[in-house]
Amino acid sequence: MSIDVLGLGAVAMDMVLTCDHLPNEDGYAVIQTETLMPGGSCANVLVTLSGLGAKPGLVSQLGNDTVGRKLLDDLQSCDVETRYVSIKNGGISMHTYVAVDRNGEKTIFCNMGDSLLTLSETDVHAAMLDGVKVFYTDMQLAAPALKLARLCREREIPVIYNLQVEPAFLNQCGITTPLFEEMLSLCSLLVTFKEGVIQQTGNGDLMTAAASLYDRYRPELGIIVTLGKGGAVWVDGNDGLSVPAFCVEARDTTGAGDAFIAGFIHAMFLEKRDQRTSMTFATACAALKCLQPGPRVNASKSNVWHFIEGVGK
């Protein structure tokens, strides 16, 4: 199978726990349901893209444990190309515990395992990019991600970097400031969240912080900041763009950011839509995800357009 979107990053098994509320410090909450669901940010993006009609492929590493085998089977059943997924003998695959309250708000605990982060830059190579139109990474695998990003720059393949976690988590993954800054200098587009921008700049005003980050690294296509119920903003050194979120009664916000990015990649890079249309399509994908349980949205391209048209009436 040919690949048009290559993703490098996390694939994980999520134990989703639903509860009435998320407890405060020293508090308690009763678990209502426990459900195992395949997830991981990069895998979520690629599975969503597959549902939208793309031909995605994943670069990652799993253990040969039960979780790893289930994750690999799931990716293949979702038509994500897995020929670049390595298997570590005796390895433990990444898994998470996700607590979701009645309003769809969540808290995530992550067990990184010992497989994902041991994928090295020698395990990735230029041929992986043959025929690829877009490279996406969450950079949890720093050295391999940077190697492929450098190769993409040589081939003029857009690099989408999803900064989805706080600096402390990056450090735990071995992503030092120089590595992080190199990725910012290589990426075509940075997608991040409000607290990510604020913590990276130390500026409490969102738009000032986003403009400062853009001016420092000048990614070719700019910076998109997702704002949950506040929609998303795109800062590109020009007038920028702000798109509101669709108003829905959220069931589970887990993976909404991943759905947004998948929708954006599909609309902007594969269908060549304009900025506003691409952002609207992305926010619709995120809204549909919030209506569904678990870390992934189940929606076709026509489902998303019908949702947009229905809300607009």
Side-chain angles (χ1 to χ4, degrees), residues 1 3-5 7 9-18 32-58 60 67 70-82 95-96 98-106 108 136 138 162 164 191 226 228-229 232 245-271 273 278-311:
M1 178 179 116
I3 295 172
D4 52 19
V5 180
V11 53
M13 187 66 76
D14 295 342
M15 170 61 81
V16 181
L17 312 173
T18 62
Q32 297 167 338
T33 63
E34 299 181 10
T35 310
L36 273 178
M37 294 184 173
S41 179
C42 188
N44 293 343
V45 171
L46 298 181
V47 168
T48 301
L49 278 164
S50 178
L52 295 172
K55 294 177 288 185
L58 175 66
S60 192
V67 167
K70 288 182 177 179
L71 288 170
L72 189 64
D73 288 345
D74 174 74
L75 289 165
Q76 293 169 347
S77 70
C78 294
D79 293 325
V80 174
E81 177 57 59
T82 60
H95 51 284
T96 70
V98 185
V100 183
D101 71 11
R102 64 178 180 274
N103 297 315
E105 299 301 321
K106 65 185 183 297
I108 301 175
Y136 165 83
D138 53 27
N162 176 17
Q164 58 169 324
V191 184
T226 57
K229 294 178 181 178
F246 288 91
C247 185
V248 297
E249 188 172 340
R251 181 177 178 184
D252 185 352
T253 61
T254 309
D258 300 331
F260 176 96
I261 294 173
F264 181 84
I265 291 173
H266 172 82
M268 186 76 181
F269 295 100
L270 302 184
E271 292 209 328
R273 303 278 183 166
S278 298
M279 290 277 276
T280 299
F281 189 88
T283 55
C285 287
L288 284 169
K289 164 70 252 322
C290 291
L291 293 171
Q292 301 174 9
R296 297 176 182 169
V297 62
N298 180 15
S300 67
K301 178 170 60 175
S302 61
N303 292 151
V304 180
W305 287 119
H306 287 157
F307 174 79
I308 294 170
E309 293 165 2
V311 172

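Just so it is clear, the values below take in all heavy atoms, side chains as well, and ignore hydrogens, waters and symmetry mates. Note that the coordinates shown come from a computational prediction; the quantities given were computed from them, not determined experimentally.
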Quick one: are [X] and [Y] in side-chain contact, heavy atoms under 4.5 Å?
| X | Y | value |
| --- | --- | --- |
| Asn44 | Arg296 | yes |
| Leu270 | Val5 | yes |
| Phe307 | Val248 | yes |
| Phe246 | Leu288 | no |
| Glu271 | His266 | yes |

Closest approach of [X] and [Y], non-hydrogen atoms and distance?
| X | Y | answer |
| --- | --- | --- |
| Leu52 | Gly263 | CD1-CA, 4.1 Å |
| Thr96 | Val98 | OG1-CG2, 3.6 Å |
| Gly228 | Ala245 | O-CB, 3.6 Å |
| Val304 | Ala299 | CG2-CB, 4.2 Å |
| Pro295 | Pro38 | CG-O, 3.3 Å |
| Ala259 | Val297 | CB-CG1, 3.9 Å |

With [X], which residues qualify under side-chain contact (heavy atoms from CB on, under 4.5 Å), at least two apart?
| X | value |
| --- | --- |
| Thr82 | Leu72, Leu75, Gln76, Val85 |
| Glu34 | Met15, Leu17, Ile31 |
| Ser77 | Asp74 |
| Ser41 | Tyr136, Asp138, Asn162, Gln164, Asp258 |

Partner set under side-chain hydrogen bond (donor to acceptor under 3.5 Å, both in side chains) for Asp101, not counting sequence neighbours: none
So among Val191, Thr48, Leu49, Asp4, which one has a side-chain contact (heavy atoms from CB on, under 4.5 Å) with Ile265? Leu49
Assess whether atom NZ of Lys106 is packed by more than 12 heavy atoms of other residues, nucleotides or ligands within 6.0 Å. yes
Taking CG in Asn103 as the centre, count heavy atoms belonging to other residues, nucleotides or ligands within less than 6.0 Å. Is the count above 12? yes
Counting distance only, does the side-chain N/O of [X] pair as donor-acceptor with the main-chain N or O of [Y] below 3.5 Å?
| X | Y | result |
| --- | --- | --- |
| Lys289 | Thr254 | yes |
| Glu81 | Ile3 | no |
| Ser278 | Phe264 | no |

Gap separating the [atom1] atom of [X] from the [atom2] atom of [Y], nearest 0.5 angstrom:
| X | Y | atom1 | atom2 | answer |
| --- | --- | --- | --- | --- |
| Glu105 | Asp252 | CD | CG | 10.0 Å |
| Arg102 | Gln32 | CZ | CD | 9.5 Å |
| Leu46 | Asp79 | CG | CG | 12.5 Å |
| Cys285 | Ile308 | SG | CD1 | 7.5 Å |
| Met13 | Leu71 | CE | CG | 4.0 Å |

Verdict with reasoning, Ser302 to Ser300, per side chain to side chain donor-acceptor pair (under 3.5 Å): CA-CA 5 Å; Ser302 61; Ser300 67; 3.0 Å; yes
Applying ring pair (Phe, Tyr, Trp, His ring centres under 6.0 Å), which residue pairs with at least one partner in residues 36-55 are found, sequence neighbours left out? none
Mutual orientation of the aromatic rings belonging to Trp305 and Phe281 [parallel < 30°, tilted 30-60°, perpendicular > 60°]: tilted
